[in-house]
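The chains referred to below are lettered A, B, ... by the order of the sequence lines, with proteins before strands, and numbering in each begins at 1.
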2 protein chains.
Amino acid sequence: MKSNKEEKPYDVSRYRTPDGYTSDIAVFTITSEKTKAYAPPKMELKLMLIKRAEQDTEGNLNIEAGKWALPGGFVTPEETAMEAASRELEEEMGIAGIHLKHFGVYDEPGRDPRGWIISNAHYAIVPEHRLFERKANDDAAEVELFPVQDLEQHLLAFDHASIIRHAITHITRDLLQTTVAKQFLPELFTYSELQAVLLTITDDKAIQNEQAFARKIKTLPFIEAVEGQKTQRTSKLPTQLYRFIDAELKQSIYTARH
Amino acid sequence: MKSNKEEKPYDVSRYRTPDGYTSDIAVFTITSEKTKAYAPPKMELKLMLIKRAEQDTEGNLNIEAGKWALPGGFVTPEETAMEAASRELEEEMGIAGIHLKHFGVYDEPGRDPRGWIISNAHYAIVPEHRLFERKANDDAAEVELFPVQDLEQHLLAFDHASIIRHAITHITRDLLQTTVAKQFLPELFTYSELQAVLLTITDDKAIQNEQAFARKIKTLPFIEAVEGQKTQRTSKLPTQLYRFIDAELKQSIYTARH
DNA sequence: TTAACAATTAACATAATGTTAATTAAAAGG
DNA sequence: CCTTTTAATTAACATTATGTTAATTGTTAA
């Protein structure tokens, strides 16, 4: 139980208050493997996890030591949970200005043995090349990228296994139903690069089909072809580049094809 | 979360902790007005608000008195914010077992003058007839249903104006992109009843068009016609009844029509 | 010079949609 | 009993989008 509260005009001291307020971040990246020159890359969605140290800097036994966990930390009263997530990404990984989205609150009694601790879960999207910056800043902490498919088998701290399942659900849905895929792509991209991003999380036949997808991309209201801009990074034949544009998405399951 | 360098096992006392943890609930209902017999109803989406009392039960001046506010209250350490929302709906309104969805965290420093108070926002869907139950339980609290269009002009407590805007955004999106519309409808419903629910929040031409919508509903994978079940509540001609069924929704903006 | 290949275009059958009109079944009023 | 009214349903047809298969293009590299 939290201790002595000072007298305040509006007294809330009769209520028990939480023992801590934290932010956790599921950091996703897509690794892009070039199988050969002049061909589209093979992409894979991965999640970054940290292995909790056996003991802290003062030599005390660490809670949930040796288990894999999401990066995160305590929120201060001068910031929001989202700002704390952003700050921690910058402090711990040296990466600033990246896309963050809140997707859940974890406040199940007993979820953290240290007390009544409420956690806000966010996912972050870090382009692969920004992760390499991190290597420079890297202290001793053990960090690893895991393909999202084989996360189940690892031993995870606290309720992070559950948080990670939800994170994957949310990023998958957002990739298909919002334009967040742009966070994984350069400003200008080819149809096959966008297709490769989407195929990391779906096996939709209409997205797998090259001709259909190349035809469709030209009609999407939130993507435009950039006139005169071509690249050869995915093909010998100079290939049209596209970019995302702001457009209202108001589609519904009642009007979509199924 | 990451093994924090400053952290000692099971000791979180060095961190400042929140002064309170609350749940707020945006209670939505759709009022259904029968213009005449044997015709579909006119529906309107409304939000229930409570007028904050001038003083509390002990006679002290109440904070944000006289302003309209979302129902809600403090979360206890033995429950989640979602469970607290459910409990408060039952305690304050006498309505149990209704659909609740979490849609946001409000933790901006200074949002509540009483201190560092974190609020979880949920929306609830209460069928109109369940609200009449409430009247019986009603104590002195002033309660009113507001059409979602003309909420802007009212004086709202704390940051509830902002929370309400987000609630409307979320329920609108969920009505179009999930099967949550079923929470506003009886188990069996006609195409025009479903259409009326959707038209409370969209002006999509494809949903406005009777013929197109009546034809489309038969092909939706998450709705089935109930053989031999007809009603005359919306028409003299006995009308086919439908129900929602569980079905995986995996549509994407990249394959939908635009 | 030619083989290889991703991107692009073409062609066509099939499916879904927008639109307009006709038909149906029951109620209500004379 | 007959007629009008009305929401639901069906029909019909032009238009548009999609699935599929095949051909063409522009470039690299052997």
Undergrad: Tell me whether the side-chain N/O atoms of A/Lys216 come closer than 4.0 Å to OP1 or OP2 in D/dG19.
TA: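 For D/dG19, neither OP1 nor OP2 has a side-chain N or O of A/Lys216 closer than 4.0 Å.
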Undergrad: For B/Phe103, which residues count as a ring pair (Phe, Tyr, Trp, His ring centres under 6.0 Å) partner, sequence neighbours excluded?
TA: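 In terms of ring pair (Phe, Tyr, Trp, His ring centres under 6.0 Å), with neighbours along the sequence ignored, B/Phe103 is linked to B/His170.
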Undergrad: Suppose the criterion is salt bridge (Lys or Arg N to Asp or Glu O under 4.0 Å): which pairs have a residue in residues 217-226 of chain B, not counting sequence neighbours?
TA: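 Residue pairs with at least one partner in residues 217-226 of chain B: B/Glu224-B/Arg243.
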Undergrad: In residues 185-204 of chain B, which ones come under 4.0 Å of DNA chain C, going by heavy atoms?
TA: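 None, since no heavy atom is under 4.0 Å.
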Undergrad: Show me the pairs that pass salt bridge (Lys or Arg N to Asp or Glu O under 4.0 Å) and involve residues 229-240 of chain B, at least two apart or across chains.
TA: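 Residue pairs with at least one partner in residues 229-240 of chain B: B/Glu193-B/Arg233.
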Undergrad: Output the rounded distance in Å from CD (B/Glu210) to P (C/dT17).
TA: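 Atom CD in B/Glu210 sits about 17 Å away from atom P in C/dT17.
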Undergrad: Atom CZ of B/Arg215 to atom C1' of D/dA11: distance rounded to whole Å?
TA: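 Result: 10 Å.
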Undergrad: Of all residues at least two apart in sequence or in a different chain, which pass the side-chain hydrogen bond (donor to acceptor under 3.5 Å, both in side chains) check with A/Tyr242?
TA: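 Checked A/Tyr242 against side-chain hydrogen bond (donor to acceptor under 3.5 Å, both in side chains); zero matches.
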Undergrad: Report the distance from atom CZ of A/Phe213 to atom P of D/dT20, rounded to the nearest whole Å.
TA: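 After rounding, the reported distance stands at 17 Å.
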Undergrad: Write down the distance between CD (A/Gln208) and C1' (D/dG19), rounded to a whole number of angstrom.
TA: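 Distance check: A/Gln208 CD to D/dG19 C1' gives 14 Å.
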Undergrad: Given C/dG18, C/dA7, D/dT9, which nucleotide is nearest the side-chain atoms of B/Thr239?
TA: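 Comparing C/dG18, C/dA7, D/dT9 against the side chain of B/Thr239, the answer is D/dT9.
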Undergrad: Any residue in residues 250-258 of chain B with a heavy atom nearer than 4.0 angstrom to DNA chain C? Just list them by number, or reply none.
TA: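 The stretch gives B/Arg257 as the residues lying under 4.0 Å from the strand, ordered by number.
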Undergrad: Which residues pass the side-chain hydrogen bond (donor to acceptor under 3.5 Å, both in side chains) test with A/Lys67, not counting sequence neighbours?
TA: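 A/Lys67 satisfies side-chain hydrogen bond (donor to acceptor under 3.5 Å, both in side chains) with A/Glu64 once adjacent residues are dropped.
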Undergrad: Look up atom CG in A/Leu175 and atom CZ in A/Phe28, then write down how far apart they are to the nearest 0.5 Å.
TA: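 A/Leu175 CG to A/Phe28 CZ: 9.0 Å, rounded to 0.5 Å.
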Undergrad: Any protein N or O atoms within reach of nucleotides 22-30 of chain D? Criterion: under 3.5 Å, listing atom names and distances.
TA:
| from | atom 1 | to | atom 2 | distance (Å) |
| --- | --- | --- | --- | --- |
| D/dA22 | N6 | A/Gln211 | NE2 | 3.0 |
| D/dT27 | O3' | A/Gln232 | NE2 | 3.2 |

Undergrad: Which pairs with one or both residues in residues 30-42 of chain B pass salt bridge (Lys or Arg N to Asp or Glu O under 4.0 Å), sequence neighbours excluded?
TA: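 Non-adjacent pairs meeting salt bridge (Lys or Arg N to Asp or Glu O under 4.0 Å): zero.
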Undergrad: Can you measure B/Gln240 atom CD to C/dT24 atom C1' for me and round it to whole angstrom units?
TA: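 Rounded to the whole Å, the gap is 15 Å.
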Undergrad: Among D/dA7, C/dT19, C/dA6, which is the nearest nucleotide to the side chain of B/Lys36?
TA: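 In terms of side-chain proximity for B/Lys36, the closest of D/dA7, C/dT19, C/dA6 is D/dA7.
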Undergrad: Mind listing the side-chain donor-acceptor pairs of residues 250-258 of chain A below 3.5 Å, one per line with the distance, residues two or more places apart or on another chain?
TA:
| from | atom 1 | to | atom 2 | distance (Å) |
| --- | --- | --- | --- | --- |
| A/Ser252 | OG | A/Tyr254 | N | 3.1 |
| A/Ser252 | OG | A/Thr255 | N | 3.3 |
| A/Ser252 | OG | A/Thr255 | OG1 | 3.2 |
| A/Thr255 | OG1 | A/Ser252 | O | 3.3 |
| A/His258 | NE2 | A/Ile253 | O | 2.7 |

Undergrad: List for me each residue that meets side-chain hydrogen bond (donor to acceptor under 3.5 Å, both in side chains) alongside A/Thr178, sequence neighbours excluded, and say none if there are none.
TA: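 So A/Thr178 forms no side-chain hydrogen bond (donor to acceptor under 3.5 Å, both in side chains) with any residue.
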Undergrad: Checking the side chain of A/Glu83 only, and the main-chain atoms of A/Thr80 only, is there a donor and an acceptor separated by less than 3.5 Å?
TA: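 A pair under 3.5 Å: yes.
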Undergrad: Nearest whole Å is fine: how far is D/dT18 C1' from A/Lys218 NZ?
TA: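 Those two atoms, NZ and C1', are 15 Å apart.
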Undergrad: List in chain and number order the residues that pass side-chain hydrogen bond (donor to acceptor under 3.5 Å, both in side chains) with A/Lys101, two or more places apart in sequence or in another chain; answer none if no residue qualifies.
TA: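 side-chain hydrogen bond (donor to acceptor under 3.5 Å, both in side chains) check on A/Lys101 returns A/Asp174.
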Undergrad: Counting any heavy atom closer than 4.0 Å, what does B/Lys230 reach on the DNA or RNA strands: base, sugar-phosphate only, or nothing?
TA: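 Result for B/Lys230 = nothing.
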Undergrad: Which comes earlier along DNA chain D counting from the 5' end, the contact point of A/Ala206 or that of B/Ala39, where each point is its nearest nucleotide?
TA: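 This one resolves to B/Ala39.
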